[in-house]
Amino acid sequence: MDLSTNIANFSFKNPLMNASGALCTSYDELNALLGGSNSSLVTKSATPLYREGNPMPRYAETPLGTINSMGLANQGFDFYLNFIENNYHQKPLFLSIAGLCLEDNLAMAKKAHESKAEFLLELNLSCPNIMGKPQTGYDFQRTREVLEQVFEIYTDKPLGVKLPPYFDMVHFEQMAEILKQFPLSFVTCINSIGNGLYIDAQTESVVIKPKDGFGGLGGEYVKPTALANVRKFYELLPKSIKIIGCGGILSGKDVFEHLLCGASMVQVGSQLMKEKNQIFSRLEKELEEIMYKKNYSKIEDFKGNLKSL
Ligand code: SIN
């Protein structure tokens with residue numbers, strides 16, 4: 001069975017990787033992802049300097065997924081670039097950045113551009129957990145400005161954006177019109193569904209501390225929204241912009257569904273947190289079993305071929 005896939009000039013032996021934020025913040029976590037059966041990894045979204053993040057508890061597991069408000073807790077950009085520079089020969093890697101302002105993104109993009117390492121850059125426009133800072137991906141004009149300025153600096157290596165979920169057909173179209181105007185290599189759909197509220201009826205309390213319990217939802221809750229975003233952007237964007245599906249992947253069937261909607265790769269977040277790195281070999285096996293039963297020998301046999309009624 002051939003599970004290989006491509007984004008820009010990078011080849012991946014299977015479509016499986018982590019979602020930024022899931023077990024990719026510390027050196028040990030990144031090193032474990034480097035050794036796993038996932039074909040790639042993405043680092044925790046970086047800011048220029050180390051960030052403590054939001055007060056704890058800021059992550060909780062729920063029966064149908066997770067809720068988090070980490071607040072971009074990370075080791076700082078140089079730490080992640082250094083990890084990539086030391087390890088990019090082992091696997092194709094993604095570096096994620098999430099500046100709190102345009103200047104931060106430009107400064108990090110410049111350093112990434114100047115690096116001799118080969119990697120893909122994921123520009124996170126969709127962190128819902130920074131108090132007082134709306135998600136850039138929900139401000140279309142601002143998204144255009146950010147991309148215009150980043151692409152003035154970042155000219156050689158593949159660049160993609162991580163988007164928030166959209167819920168309206170007009171918003172899909174407006175965002176796609178903007179994205180089409182740039183030489184993007186990929187878009188990642190979706191980040192968590194922002195500002196959900198999970199509560200515990202027993203204790204009559206919220207379960208995370210920041211923002212009085214409001215946080216980004218991942219896991220089973222979000223799969224239909226993730227699939228809708230993957231599908232719409234697959235339909236609206238030129239085929240040179242690959243889609244990375246993210247949201248609600250618990251099984252090989254979920255991977256298959258993302259690929260069927262048009263994803264070229266998938267990122268696993270909540271279920272990776274719950275099940276740890278061994279999830280990748282299970283997902284790989286389950287995907288292969290589905291493909292075998294359906295007589296598919298490679299991803300291109302069914303990628304994007306979702307039928308309408
Ligand atoms: C966080 O660090 O709060 C999550 C990052 C994200 O959702 O992009």
Side-chain angles (χ1 to χ4, degrees), residues 17-26 29-30 41-62 65-77 79-80 94-102 104-105 108 120-139 142-143 146 159-166 175 186-198 206-219 221-222 225-226 229 244-249 266-274:
M17 63 185 288
N18 67 305
S20 180
L23 300 182
C24 61
T25 302
S26 70
E29 288 172 342
L30 288 165
L41 67 85
V42 57
T43 55
K44 170 67 185 171
S45 295
T47 50
L49 299 176
Y50 169 87
R51 261 178 77 85
E52 189 64 36
N54 289 340
M56 296 195 205
R58 56 195 184 187
Y59 166 82
E61 294 181 352
T62 71
T66 60
I67 183 166
N68 90 83
S69 182
M70 307 304 285
L72 290 175
N74 77 94
Q75 310 287 327
F77 176 79
F79 171 88
Y80 297 106
F94 291 73
L95 176 66
S96 171
I97 58 171
L100 298 188
C101 60
L102 177 58
D104 284 358
N105 277 328
M108 292 187 286
L120 303 99
L121 186 67
E122 184 178 86
L123 174 61
N124 181 353
L125 299 178
S126 49
C127 176
N129 303 327
I130 304 298
M131 277 160 257
K133 297 256 180 204
Q135 295 173 67
T136 306
Y138 285 143
D139 181 339
R142 187 66 178 157
T143 297
V146 169
L159 170 66
V161 284
K162 183 159 183 185
L163 298 174
Y166 300 97
M175 182 47 75
F186 65 93
V187 298
T188 304
C189 313
I190 56 172
N191 206 325
S192 58
I193 296 187
N195 296 300
L197 184 63
Y198 187 86
V206 301
V207 298
I208 56 172
K209 186 172 172 67
K211 291 168 84 175
D212 290 330
F214 285 70
L217 298 177
Y221 302 112
V222 312
T225 300
N229 279 257
I244 302 182
C246 181
I249 294 177
V266 298
Q267 297 183 346
V268 189
S270 293
Q271 196 61 21
L272 170 61
M273 295 293 292
K274 290 185 175 185

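Position 1 is the first residue of the sequence, and the numbers go up from there. Remember, it's 1-based here, ligands and their atoms both numbered in the order they're listed.
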Once ring pair (Phe, Tyr, Trp, His ring centres under 6.0 Å) is applied, do any residues pair with Phe186, and if so which ones, sequence neighbours excluded?
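In terms of ring pair (Phe, Tyr, Trp, His ring centres under 6.0 Å), with neighbours along the sequence ignored, Phe186 is linked to Phe94.
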
For ligand 1, would you mind listing the residues that have at least one heavy atom less than 4.0 Å away, ordered by chain and number?
Lys44, Asn68, Met70, Gly71, Leu72, Asn124, Cys127, Pro128, Asn129, Asn191

Any side-chain heavy-atom pair of Pro48 and Met108 under 4.5 Å:
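The answer is yes; the side chains approach within 4.5 Å.
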
If you define the side chain from C-beta out and look only at heavy atoms, does anything of Tyr138 sit under 4.5 Å from Pro164?
yes

Restricting to side chain to side chain contact (heavy atoms under 4.5 Å, CB included), what partner residues turn up for Glu29, sequence neighbours left out?
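Testing Glu29 for side chain to side chain contact (heavy atoms under 4.5 Å, CB included), a comparison that skips the adjacent residues, returns Leu23, Thr25, Ser26.
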
Residue list, side chain to side chain contact (heavy atoms under 4.5 Å, CB included) with Asn18, at least two apart or on another chain:
Cys24, Leu33, Leu41, Val42, Leu272, Phe280

If you measure only the distance, is there a donor-acceptor pair under 3.5 Å linking the side chains of Lys211 and Asn54?
no

